[in-house]
J.: 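Below you will find the structure I want to go over with you.
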Amino acid sequence: MISQLNPRQREAVRYIDGPLLVLAGAGSGKTSVITRKIAYLVETCGYQARHIAAVTFTNKAAREMRERVGTLISGQAARGLTISTFHNLGLNFLRREHKKLGYKAGFSIFDAEDALGLIRDILIAEHGGDSDQASVVQNRISAWKNDMVTAEQAVAGATGPADMLCAQAYVRYQRALRAYNAFDFDDLILLPVQLLQSDPDTLAEWQQRIRYLLVDEYQDTNTTQYALVNLLVGSRQGLTVVGDDDQSIYAWRGARPENLAQLAQDFPHLKVIKLEQNYRSTGRILRAANTVIANNPHVFEKALWSEYGPGEPIRVICCPNEDAECERVVTEILDHRLRRGGQYRDYAILYRGNHQARLLELKLQQFQVPYRLSGGTSFFARNEVKDVMAYLRLLINPDDDSAFLRIINVPRRKIGASTLEGLATYAGERGIGLLAACDELGLQTVLPEAAVGRLREFADWLAQVRRRAQGDDPIDAIRGMLTDIDYEGWLHQNASAPAVAERRFANVLALVEGLQKTLERDDASERDSTGNDNGIEAAIARLVLRDLMERQEEEDDSADKVQLMTLHASKGLEFPHVYIIGLEEDLLPHRNSIDTDNIEEERRLCYVGITRARQTLTLTYCSRRKQYGEMQACEPSRFLAELPEDDLEWEGRTGTDPAASKTRAQETLAGLRNLFD
DNA sequence: CATCGTATAGTTTTT
DNA sequence: CTATACGATG
């Protein structure tokens with residue numbers, strides 16, 4: 001098990017005498033280290049699997065890790081092992097401990113969209129605020145939560161009137177969530193941290209439970225996540241974290257790469273091991289990555305090397321415009337694949353912004369190249385999925401007013417705005433949820449009889465569904481519910497074409513099927529001794545966290561298609577042949593990042609892109625590009641100048657060298673020429 | 001309530 | 001320029 005590792009990796013696996021930081025460069029086999037260390041802890045060190053937790057950021061990473069651990073140790077030995085995302089860990093924590101925080105069972109989890117809607121409502125109620133401000137406020141609140149700042153602390157520390165406005169919205173937002181018996185994504189980390197900080201008994205229980213903690217992608221942790229790690233580890237110091245500060249590309253989302261350095265201060269006996277041998281890329285690709293990232297300041301110096309040969313030169317291609325750029329990349333893939341007899345899935349096209357995918361798609365279709373575009377509107381953002389999710393949420397959490405409002409008229413139940421207004425006022429006065437208010441006798445005094453009748457009918461029906469769902473076949477109850485409301489019919493009624501409705505209903509069925517799968521899997525595996533939940537609740541909560549729906553993804557993953565994704569989305573992946581397009585000033589160092597002096601993160605983004613490539617790497621840029629309807633001259637990215645000249649093969653570079661320094665007159669001329677293109 | 005038209009913005013988004 | 005979101009109007 002350990003013999004296949006290099007000496008550094010072996011050391012990282014075997015070191016268990018104290019906290020360990022593994023600085024793992026791109027492609028250095030960090031997942032191998034984590035998975036083998038888990039196996040080592042269980043098989044050699046006598047740890048029970050249920051006392052070990054490994055934490056990742058994505059479901060995908062967690063799934064992969066689980067699979068790889070599964071090949072190393074038996075299912076029996078792995079029993080009780082926790083491998084999950086930070087959010088899933090927080091969710092499991094809250095499933096056990098929510099009562100200590102004053103929440104009821106069956107709580108809801110609001111996704112970003114639900115949260116935005118709630119904030120919008122709050123702003124409107126306060127001072128008819130713009131809906132545009134809502135997302136700003138949402139980001140501010142999220143930033144506070146990621147920084148471990150409570151609503152009260154935010155109010156106390158607000159820096160100006162605008163900040164104060166956000167802080168007050170935060171207070172109201174948090175109150176609303178509590179009233180709805182709901183958490184948002186950030187709460188899944190923040191509230192466990194708050195409870196662990198304030199309740200020594202709970203802290204002791206969890207520290208007793210998790211005796212060895214492993215954290216992947218540590219550079220992506222935010223302040224709150226770091227606090228969670230710190231609390232769980234406690235004095236036992238059973239901790240291994242793996243990370244790479246050069247791959248920190250989520251600082252804008254609250255990630256604190258300095259948490260890597262912070263670790264050395266918080267754990268004086270921290271051992272640091274560097275993994276610098278790369279098992280992925282050719283020498284030239286690696287050298288390019290190293291020289292680019294060398295332009296960033298470093299706390300920990302590291303240099304990737306590999307035993308592979310130099311490989312092919314890195315090609316840098318200048319195209320006249322974005323149309324030519326996309327066409328060039330597509331035809332080149334076509335040509336290259338034919339010549340080398342490879343597969344489409346060996347190729348990835350990476351870019352900075354999603355909008356760049358549009359033209360690529362067009363060209364790929366034109367040349368009939370199969371492709372897979374990751375990102376875009378996610379399955380869970382679809383209206384039909386959100387509708388059904390709202391039904392499910394309301395089913396297990398009657399206090400979820402957000403869900404209630406979403407589906408009360410889907411399909412039409414002739415319950416209008418004024419009825420809902422009356423209901424909301426009534427519920428607000430009594431401090432109860434909207435659904436609970438439907439059953440109140442006093443409702444008749446404030447609303448017309450017909451309206452009250454319709455509300456009752458809905459509430460009674462839902463109560464009936466709930467009773468059925470609590471029986472032994474919840475999935476059947478849910479299917480029955482969808483039949484009751486004739487959701488398929490509603491979709492057909494609202495779709496522009498029958499095919500659209502059919503696709504939407506297929507999504508709904510996939511959702512229900514996914515739910516069933518999770519339920520069965522949770523049944524089969526141990527029930528985690530959580531006791532008081534009836535399975536369906538846990539499964540629905542996990543649904544909100546986008547866990548499951550694996551089959552669809554896998555089918556897509558294995559298809560032979562060219563992969564299209566943003567540089568961000570490419571992190572953690574690798575491809576034999578990588579194309580990065582749009583290496584231009586204002587695009588790859590993005591305009592906003594230049595303005596806010598965030599070049600270093602853009603450089604890391606570039607580094608991440610380069611290190612995705614195994615065999616060949618091609619970089620493209622345009623001399624002119626249409627932006628906001630206007631042709632504009634482009635400057636090659638500064639990152640191109642940072643590449644090792646000897647390993648490059650330029651093509652189409654205009655002029656001799658100072659391609660960038662055009663005179664104003666030349667630019668004007670170029671602009672004029674474009675008018676005639 | 002639905003549809004049409006206009007106004008407006010226009011990075012990255014693991015959960 | 002183009003997608004989207006919101007508002008006005010029938």
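Convention: sequence-line order gives letters A, B, ...; per-chain numbering from 1.
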J.: Going by side chain to side chain donor-acceptor pair (under 3.5 Å), name the residues that satisfy it together with A:Arg413, two or more places apart in sequence or in a different chain.
T.: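 Partners of A:Arg413 by the side chain to side chain donor-acceptor pair (under 3.5 Å) criterion, ordered by chain and then number, come out as A:Tyr391.
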J.: What residues form a side chain to side chain donor-acceptor pair (under 3.5 Å) with A:Asn88, not counting sequence neighbours?
T.: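 With sequence neighbours excluded, A:Asn88 shows a side chain to side chain donor-acceptor pair (under 3.5 Å) to A:Asp547, given in chain and number order.
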J.: Is the ring centre of A:Phe183 less than 6.0 Å from the ring centre of A:Tyr103?
T.: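 Yes, ring centres under 6.0 Å apart.
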J.: What's the NZ-P distance between A:Lys414 and B:dC1, to the nearest Å?
T.: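 The distance from NZ of A:Lys414 to P of B:dC1 comes to 11 Å, rounded to the nearest Å.
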J.: NA contact type, A:Arg358, heavy-atom cut-off 4.0 Å: base, sugar-phosphate, or nothing?
T.: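 It contacts sugar-phosphate atoms only.
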J.: Rounding to an integer number of angstrom, what distance separates B:dT13 and C:dT4 when you compare their P atoms?
T.: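 It comes out at 16 Å once rounded to the nearest Å.
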J.: Could you list all N or O pairs between the protein and nucleotides 2-6 of chain B that sit under 3.5 Å apart?
T.:
{"unit_1": "B:dA2", "atom_1": "OP1", "unit_2": "A:Arg412", "atom_2": "NH1", "d": "3.2"}

J.: Check the surroundings of atom NZ in A:Lys626: do more than 12 heavy atoms from other residues, nucleotides or ligands lie under 6.0 Å from it?
T.: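 Count not over threshold, so no.
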J.: Which residues pass the side-chain contact (heavy atoms from CB on, under 4.5 Å) test with A:Thr150, sequence neighbours left out?
T.: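 A:Thr150 satisfies side-chain contact (heavy atoms from CB on, under 4.5 Å) with A:Glu152, A:Gln153, A:Gln194 only.
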J.: Let me know the distance between CD of A:Gln356 and P of C:dC1, rounded to the nearest Å.
T.: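 Atom-to-atom, A:Gln356 to C:dC1, this comes out as 20 Å.
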J.: Between atom CG in A:Leu587 and atom P in B:dG10, what is the gap in whole Å?
T.: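 So the CG-P distance, A:Leu587 to B:dG10, works out to 16 Å.
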J.: Run the side chain to side chain donor-acceptor pair (under 3.5 Å) test against A:Asp323 and tell me which residues pass, sequence neighbours left out.
T.: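 For A:Asp323 the side chain to side chain donor-acceptor pair (under 3.5 Å) partners, ignoring immediate neighbours, are A:Lys363.
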J.: Please state how far atom CG in A:Asn592 lies from atom P in B:dT11, giving the value in whole angstrom units.
T.: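 Interatomic distance, CG of A:Asn592 to P of B:dT11: 8 Å.
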J.: Please give, in whole Å, the distance from C:dT2 P to A:Glu322 CD?
T.: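 Result: 11 Å.
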J.: Provide, to the nearest angstrom, the distance between the OH atom belonging to A:Tyr628 and the P atom belonging to C:dA3.
T.: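 It works out to 15 Å between those atoms.
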J.: Take atom P in B:dT12 and the same atom in C:dA5, then report the distance between them in whole Å.
T.: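 Taking atom P in both B:dT12 and C:dA5, they lie 15 Å apart.
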J.: Between C:dT2 atom P and A:Lys626 atom NZ, what is the distance in whole Å?
T.: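 Atom NZ in A:Lys626 sits about 7 Å away from atom P in C:dT2.
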J.: With sequence neighbours excluded, what pairs up with A:Leu350 under the side-chain contact (heavy atoms from CB on, under 4.5 Å) test?
T.: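 A:Ala348, A:Met565, A:Leu567, A:Ser570, A:Val578, A:Ile580, A:Arg612.
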J.: Return the value, rounded to whole Å, for the distance between atom CD1 of A:Ile594 and atom C1' of B:dT12.
T.: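 Answer to the nearest Å: 15 Å.
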J.: Between protein and nucleotides 13-15 of chain B, what N or O pairs are separated by less than 3.5 Å?
T.:
{"unit_1": "B:dT13", "atom_1": "OP1", "unit_2": "A:Thr566", "atom_2": "OG1", "d": "2.9"}
{"unit_1": "B:dT13", "atom_1": "OP2", "unit_2": "A:Asn354", "atom_2": "ND2", "d": "3.3"}
{"unit_1": "B:dT13", "atom_1": "O2", "unit_2": "A:Arg253", "atom_2": "NE", "d": "3.0"}
{"unit_1": "B:dT15", "atom_1": "OP1", "unit_2": "A:Asn59", "atom_2": "N", "d": "3.1"}
{"unit_1": "B:dT15", "atom_1": "OP1", "unit_2": "A:Asn59", "atom_2": "ND2", "d": "3.3"}
{"unit_1": "B:dT15", "atom_1": "O3'", "unit_2": "A:Leu545", "atom_2": "O", "d": "3.4"}
{"unit_1": "B:dT15", "atom_1": "O2", "unit_2": "A:His87", "atom_2": "NE2", "d": "3.4"}
{"unit_1": "B:dT15", "atom_1": "N3", "unit_2": "A:Arg253", "atom_2": "NH2", "d": "2.8"}
{"unit_1": "B:dT15", "atom_1": "O4", "unit_2": "A:Arg253", "atom_2": "NH2", "d": "3.1"}

J.: By side chain to side chain donor-acceptor pair (under 3.5 Å), which residues pair with A:Tyr371, not counting sequence neighbours?
T.: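 By the side chain to side chain donor-acceptor pair (under 3.5 Å) rule, A:Tyr371 matches A:Glu361, A:Gln365.
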J.: Run the side-chain contact (heavy atoms from CB on, under 4.5 Å) test against A:Ala53 and tell me which residues pass, sequence neighbours left out.
T.: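 A:Ala53 satisfies side-chain contact (heavy atoms from CB on, under 4.5 Å) with A:Thr82, A:Ile210, A:Leu213 only.
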J.: Write down the distance separating the C1' atoms in C:dC6 and B:dT11, rounded off to the nearest Å.
T.: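 Going atom to atom, C1' in each nucleotide, I get 24 Å.
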J.: Toward the 5' end of DNA chain B, which comes first, A:Gly416 or A:Ser593, by nearest nucleotide?
T.: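 The 5'-side residue here is A:Gly416.
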